[in-house]
Amino acid sequence: MEKGLLYPIINQYRSDQKLDGLWNFKFDPAAEGESQGWQKGFNNGIKMPVPASFNDFFTDKDAREYTGDFWYSKEFFVPKYYEGQEIQIRFGAATHRAVVYVNGQEIRSHEGGFLPFTAEVTNTVKFGEKNIVSVKINNELHRDALPAGDTATLKNGKKMAKPFFDFYNYSGLNRSVHLLAVPKNGIYDYSTTYEISDHEAIVHYSVNADTDGDFKVSLTDENGNVVATSTGKDGDLTVKNPTLWNVRDAYLYTIRFELIDNGKPVDEYGDQIGLRTIEIKGHQILVNHKSVYLRGFGRHEDSIYAGRGFDMNVERRDVNLMKWIGANSFRSSHYPYDEQVYKFADREGILVIDEVPAVGFKMAAASFLGGLDQSFFDGDWIHDLYKKHIDQVTDLIKRDKNHPSVLAWSLLNEPDTSKKSAVPYFEKLFKDSANLDPEKRPRTFTLNEDDTIDVSKCLRFPDFYLLNRYPGWYHKWGYEISDGEAGLRAELDEWKKSDIDKPIVFSEYGADTEPGLHKLPSIMWSEEYQIELLEMFDRVFDSYDFIRGEQPWNLADFQTVEGNMRVNGNKKGIFTRDRQPKAAAFYLRKRWNKLPLDW
Ligand SMILES: CCCN1C[C@@H](O)[C@H](O)[C@@H](C(=O)O)C1
């Protein structure tokens, strides 16, 4: 669990030097790195781009599929004038677990491949000289870790990832690495909550620093005009006639905290925030007391060459595609995305369902669809898993709590909730996470096809429901799709008859589609069939007023494990992996652009 996860900024008190670029890299299959002194750096590796996954750069299968320990190392310079400040190395993500060394000294370890962590190296670095940072990373999958899976050892002794999930186990330093110099005992966190009325908005803030100093706080509008000020660690900023942050109509204010110690300003942290409220009322999802209908996608951080490495160019294209098609939301399936993704969403007024990598908590998903028949939550791995799970929920909310775009927290994707043994786990998870978000935004998880209203034992926990349903693809497919529609309607009629008065969002549905495959009449994998499947779901959605969102799977084609059900990855994208439209993109654009943007 990290103390603070503020995004790095540069000002008169704070420096941020990115260590991105080429690092020395090598695999460590014999786990000999420490005994060979790699923690002090090494030069006999290959040059590896950071941020990026290592996998798709290689031309040989052993390297691409490598599972186990591997090392990165880089020389970095710490300027003399950093002396007197706290020196940190902040990793955006190291997938899935890391041990950090500086100048040969072990600094810290971290578990979880999709959230940032900071190595505090003030007393280890040499000022005015070159230093070495080495990171040992391990990408094995385990049932007591997130995302869940197994690691097999083949007869030739090589290890192999066996994911209980349907995305490729891209690994490495997938996000940027920052060398930071910040004030000692400076600002390490802040939070805001909002009250919105017709002509006024109140920002309740709280700011954290390791000192008893005082704070000067200001709020400026997009033209740089100061619209409110306050003092103190906790306080209110009242804005008359505010411009609210709305769906696809964003407006960002800048909040600025100045830390005053013994009458002298010693630190400052500024960030962009949006004045808005989020509520669930009956079957409605409300933003600024107005009902919103979610239109968007499940996504993946996935692109050619860099794998899961964050690529600003891809994100810019994806956001433009979502605006073009008329989307107003997405889910960060199935893991927290790079912080810059949420900044894009803040600026564009796109709502985010923010998801932790609690995916594969269902044995039937083991080696994807061919799995074992037992309840995941009966496993003896559950105790150790839970500690990692709540740790990552805590850090996800600590990292993303100040983004106006974050609508809700998805605490799991498709767990097995069909057995009573899941209930204690969910009771603890929803109790322990209840107060992590100062704004108390809704918490939810996605329900798999098996988790119907009469099967799932955990329906009382989520604040609204995310349904993943695949009639027309994984069952009742092709010419049988009419039975698929009938089955879907029958299930929703059960929901309608029940006393459940929470919104339902369809968070996954879709068809694998080979771009350019056309068939009349349609067949599965054709572009025509993908549209027919969407039309079926849309007919159903338009029949039930408690359905408050549609997020087809997936925005774009993405890489998965190889297998007899995947043709160079998952092809359910509405766009291809190189972000070009399939015919379904034009169908959805027509459907979604008929609706008002913030409807
Ligand atoms: C059946 C499991 C639900 N869903 C999970 C998602 O990660 C997969 O990519 C998707 C699919 O199979 O296309 C199915």
Side-chain angles (χ1 to χ4, degrees), residues 114 141 146-149 161-170 296-302 307-308 330-337 353-373 376 410-418 444-452 455-456 465-477 484 487-488 491 505-515 524-525 529-530 533-534 537 550-577 582 584:
F114 302 93
L141 300 176
L146 296 78
K162 292 287 226 181
F164 294 179
F165 48 85
D166 185 37
F167 53 92
Y168 189 78
N169 189 39
Y170 280 122
F297 299 95
R299 297 178 63 191
H300 267 298
E301 280 189 319
D302 171 286
R308 190 139 293 117
F330 64 84
R331 173 169 58 115
S332 73
S333 36
H334 297 298
Y335 38 77
Y337 290 2
I353 298 172
D354 207 0
E355 188 159 276
V356 288
V359 57
F361 291 13
K362 181 180 180 69
M363 295 315 287
S367 67
F368 197 69
L369 295 182
L372 317 171
D373 184 21
F376 184 84
S410 173
L411 305 188
L412 308 103
N413 181 68
E414 298 211 346
D416 178 357
T417 65
S418 63
T444 185
F445 62 91
T446 67
L447 286 160
N448 175 274
E449 302 245 42
D450 306 332
D451 294 285
T452 56
V455 168
S456 177
Y465 298 104
L466 295 174
L467 300 192
N468 291 355
R469 293 292 182 270
Y470 282 94
W473 190 255
Y474 286 118
H475 55 91
K476 303 280 185 284
W477 58 64
L488 191 56
E491 181 189 4
V505 171
F506 272 74
S507 42
E508 283 189 33
Y509 55 100
D512 280 86
T513 303
E514 184 57 28
M524 293 171 79
W525 291 91
Y529 186 75
Q530 188 177 35
L533 182 136
L534 294 174
F537 274 88
E550 53 189 68
Q551 297 187 331
W553 188 257
N554 189 287
L555 172 70
D557 293 345
F558 59 92
Q559 197 58 252
T560 65
V561 292
E562 59 189 314
N564 52 17
M565 297 202 32
R566 289 288 175 259
V567 181
N568 186 18
N570 185 307
K571 291 295 195 309
K572 291 191 182 70
I574 300 298
F575 295 88
T576 59
R577 197 173 185 217
K582 300 176 189 175

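In each ligand, atom 1 is the first atom listed, and ligand 1 is the first ligand listed. Just so you know, these numbers come straight off a predicted model, no measurement behind them.
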(message) I want to know if ligand 1 touches Asn413 in the polar sense, i.e. an N/O pair below 3.5 angstrom.
(response) no

(request) Report the part of Arg566 in contact with ligand 1, treating N, CA, C, O as backbone and CB onward as side chain, heavy atoms under 4.0 Å; options are side chain, backbone, both, neither. (result) side chain

(message) For Trp553 and Phe558, take the angle between the two ring planes, folded into 0 to 90°, and tell me which bin it lands in: parallel under 30, tilted 30 to 60, perpendicular over 60.
(response) perpendicular

(request) Would you check the N or O atoms of Tyr474, main chain and side chain alike, for any that come under 3.5 Å of an N or O of ligand 1? (result) yes

(request) Sequence neighbours left out, what pairs pass salt bridge (Lys or Arg N to Asp or Glu O under 4.0 Å) with at least one residue falling in residues 567-576? (result) Asp512-Lys572

(request) Quickly, which of Arg566, Arg299, Lys582, Arg577 forms a salt bridge (charged side-chain N to carboxylate O under 4.0 Å, His left out) with Asp557? Name it, please. (result) Lys582

(request) May I ask whether Trp473 places a heavy atom under 4.0 Å from ligand 1? (result) no

(message) Below 3.5 Å, N or O to N or O, backbone or side chain included: is there any such pair between Asn448 and ligand 1?
(response) no

(message) If you count heavy atoms of other groups shown closer than 6.0 angstrom to CH2 of Trp525, is the number above 12?
(response) yes

(request) Assess Phe167 for proximity to ligand 1: is some non-hydrogen atom of it under 4.0 Å away? (result) no

(request) Could you check whether the rings of His300 and Phe167 sit parallel, tilted or perpendicular, using 30° and 60° as the cut-offs? (result) tilted

(request) Determine whether the side chain, the backbone, both or neither of Asn570 has a heavy atom under 4.0 Å from any heavy atom of ligand 1. (result) side chain

(request) Might you work through the salt bridge (charged side-chain N to carboxylate O under 4.0 Å, His left out) test for Glu414 and Lys362, ending with a clear yes or no? (result) CA-CA 7 Å; Glu414 298 211 346; Lys362 181 180 180 69; over 6 Å; no

(message) Can you tell me how the ring of Tyr474 sits relative to the ring of Tyr470, calling it parallel under 30°, perpendicular over 60° and tilted otherwise?
(response) perpendicular

(request) Report the part of Glu449 in contact with ligand 1, treating N, CA, C, O as backbone and CB onward as side chain, heavy atoms under 4.0 Å; options are side chain, backbone, both, neither. (result) neither

(message) Distance under 4.0 Å to a non-hydrogen atom of Phe558: what atoms of ligand 1 satisfy this?
(response) 9 (O)

(message) Would Lys571 count as a contact residue for ligand 1, given that I'm defining contact as a non-hydrogen atom of the residue lying under 4.0 Å from a ligand atom?
(response) no

(message) Using a plain distance cutoff, I'd like to know if His334 has any nitrogen or oxygen under 3.5 Å from a nitrogen or oxygen of ligand 1.
(response) yes

(message) So, 4.0 Å and heavy atoms of Trp553: is ligand 1 close enough to count as a contact?
(response) yes

(message) Could you measure the distance from the CZ atom of Phe445 to the CG atom of Asp451? Nearest 0.5 Å is fine.
(response) 7.0 Å

(request) Nearest heavy atom to atom 14 (C) of ligand 1 wins, so pick from Glu414, Arg469, Lys572, Glu508. (result) Glu508

(request) Would you kindly say whether Asn554 and Asn570 are connected by a side-chain donor-acceptor distance under 3.5 Å? (result) no

